[in-house]
Each structure stands twice: as structure tokens, then as C-alpha cells.
Amino acid sequence: MAVSDFDAPVPGQSLTSEPKSWSWERPPRFAKVEDAAMFIWNKLHEQEQLERIIVLLDVGVSVDSLTKTVIFGGFVDGAYTPDFSALLFPIVQRMIFSIGKKAEVKNIKLSKPKVDNTKKLVSDLLKSRNINEDRLQVFEEEKEEREEQFEEIKSGLMSPKKNDMEEEDED
């Protein structure tokens with residue numbers, strides 16, 4: 001199915017919508033971090049939310065991932081500002097972790113492990129190539145470049161030309 005180039009918003013279209021139509025364009029519901037934290041605490045302890053969190057922690061979703069989801073949801077709903085989000089992050093992390101501990105979830109993951117592909121890439125590269133041949137090739141290329149640079153320096157602007165040298169030999 002082809003996508004038309006004209007299926008895009010008109011430039012400036014976002015400026016034509018009603019002001020304060022989005023929740024983040026209005027003042028937040030909470031003016032204190034403590035109030036926002038209590039709001040989140042109460043929301044997390046609703047039966048349905050507790051069950052969801054416990055199941056997600058049990059299947060291996062990290063505490064960080066759940067925290068980011070909860071905090072972003074509060075921001076989108078207009079409960080607090082992005083600044084509050086940064087301040088609430090460690091508080092909500094502890095809340096979610098304590099829920100998992102109380103529910104006796106085994107192997108709670110605190111953060112999503114970062115995948116380090118560098119070691120695998122290097123080992124695959126070493127297996128597929130002969131390093132000595134690569135080094136020799138690089139050395140030969142560098143040697144050729146140095147010789148070319150030397151020739152350019154020898155035949156610089158002020159150096160005598162071959163034709164000039166031949167004329168001097170004939171005299």
C-alpha cells in the first residue's frame with residue numbers, strides 16, 4: 001500500500017488547536033512532590049493495579065521499566081510536571097520494589113540489563129579474519145602513503161625540476 005506524501009499535517013496545524021486542550025498544557029494537579037507520591041501510592045495499591053504489578057515483576061519486567069511507565073502516565077494525565085517526574089522516580093521505584101518484596105516475588109529485576117555487543121562483535125571479527133594479514137596490509141598502505149608524501153616534498157615548488165637538471169648536465 002503506497003503512502004501519499006500529502007498525508008501529513010499542514011505546517012502550523014498544531015497552532016490552530018484549542019489552547020490548553022492537552023493535559024500538560026494546564027497546571028498540574030499536584031503542587032508538592034509528597035502529594036503526588038501519595039497519589040501514586042494509593043493508585044498502586046488498588047487491587048487491580050497490585051495484581052498487574054506482581055504479575056509483571058514475576059515474569060521478569062524490571063522495576064525501572066514499570067517505574068517509567070507509571071511516572072509517564074502521571075505526566076500525560078496532567079498530575080505533575082516533568083520536573084516532578086524526575087523527583088518522583090526513586091520514590092516510585094522503591095514503592096514498586098516493596099510491592100514485589102511483600103508479594104515474595106523471586107528474582108526481582110531492578111533494571112533492564114544493557115546488551116554489550118562489543119565483545120561478541122570483536123570475537124566474531126577475530127574469528128573471521130587473519131589479524132597478521134590485516135596488520136601487514138595496513139603497514140604496506142602506510143608505507144606507500146609515506147613514500148608518496150616524500151616524493152611530493154622532494155618535488156616541491158622551490159625544488160629543481162627534472163628538465164632543469166637535464167639542461168644543467170648538458171652545459
Side-chain angles (χ1 to χ4, degrees), residues 1-138 141-142:
M1 185 167 138
V3 176
S4 172
D5 291 338
F6 297 107
D7 287 343
V10 176
Q13 183 174 344
S14 64
L15 302 174
T16 61
S17 65
E18 186 69 30
K20 298 185 180 182
S21 59
W22 298 100
S23 59
W24 54 82
E25 292 178 333
R26 294 187 296 270
R29 273 187 276 166
F30 302 105
K32 294 182 181 178
V33 175
E34 294 83 13
D35 295 339
M38 284 308 296
F39 171 75
I40 293 171
W41 178 260
N42 293 332
K43 283 289 191 185
L44 290 178
H45 282 80
E46 293 175 357
Q47 186 63 33
E48 188 178 325
Q49 295 300 327
L50 277 174
E51 290 172 3
R52 285 182 185 167
I53 289 172
I54 293 168
V55 167
L56 289 171
L57 287 173
D58 198 33
V59 296
V61 176
S62 68
V63 173
D64 276 355
S65 298
L66 291 172
T67 304
K68 289 175 185 175
T69 304
V70 168
I71 288 182
F72 184 71
F75 164 70
V76 170
D77 287 342
Y80 39 81
T81 63
D83 300 340
F84 270 37
S85 298
L87 296 172
L88 286 169
F89 194 84
I91 299 168
V92 175
Q93 251 182 339
R94 289 185 191 108
M95 289 178 191
I96 293 173
F97 182 75
S98 66
I99 290 170
K101 278 298 204 188
K102 186 70 176 173
E104 298 177 356
V105 175
K106 296 177 183 170
N107 300 327
I108 297 175
K109 294 181 182 174
L110 297 178
S111 62
K112 191 167 85 174
K114 295 181 181 176
V115 178
D116 186 14
N117 293 331
T118 307
K119 288 181 182 179
K120 184 181 181 315
L121 181 67
V122 169
S123 67
D124 289 347
L125 184 64
L126 293 177
K127 287 177 186 175
S128 68
R129 303 195 66 150
N130 186 343
I131 297 173
N132 292 329
E133 288 179 12
D134 291 343
R135 287 181 182 164
L136 184 61
Q137 182 181 358
V138 168
E141 290 172 359
E142 289 175 352

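Given the structure is predicted, the values throughout are model-derived calculations rather than measurements.
Legend: ring pair (Phe, Tyr, Trp, His ring centres under 6.0 Å) pairs involving residues 44-68, not counting sequence neighbours, sorted by first then second residue: Trp41-His45.
Scanning both residues, Gln93 and Val63, for their nearest heavy atoms gives O-CG1, 3.6 Å. Across Thr81 and Pro28, no two heavy atoms sit closer than the pair CG2-CG, 3.6 Å. Here the closest non-hydrogen pair linking Ser85 and Phe75 is OG-CB, 4.1 Å. Looking at every heavy atom in both residues, Ile108 comes nearest to Val105 through CG1-O, 3.6 Å.
Lys106 meets the side-chain contact (heavy atoms from CB on, under 4.5 Å) test with no other residue; sequence neighbours excluded. Taking Arg94 as the reference, Pro90 meet the side-chain contact (heavy atoms from CB on, under 4.5 Å) condition, with sequence neighbours excluded.
A 6.0 Å sphere centred on CD of Glu104 holds no more than 12 heavy atoms belonging to other residues, nucleotides or ligands. The number of heavy atoms from other shown groups lying within 6.0 Å of CG (Asn107) does not exceed 12.
Ring centroids of Phe30 and Phe84 are separated by 6.0 Å or more, keeping the two rings apart.
In this structure, NZ in Lys43 is found 8.5 Å from CG in Asp77, a value given to the nearest 0.5 Å. The distance from atom CD of Glu51 to atom CD of Glu46, rounded to the nearest 0.5 Å, is 11.5 Å. Separating the CG atom in Leu66 from the CG atom in Leu56 is a distance of 5.5 Å, to the nearest 0.5 Å.
A heavy-atom distance below 4.5 Å is found between the side chains of Val33 and Ile91. In this structure, Tyr80 and Ile71 have side chains that are in contact, with non-hydrogen atoms separated by less than 4.5 Å.
Ile40 pairs with exactly one of Asp35, Ile96, Leu88, Thr67 by the side chain to side chain contact (heavy atoms under 4.5 Å, CB included) rule, that one being Leu88.
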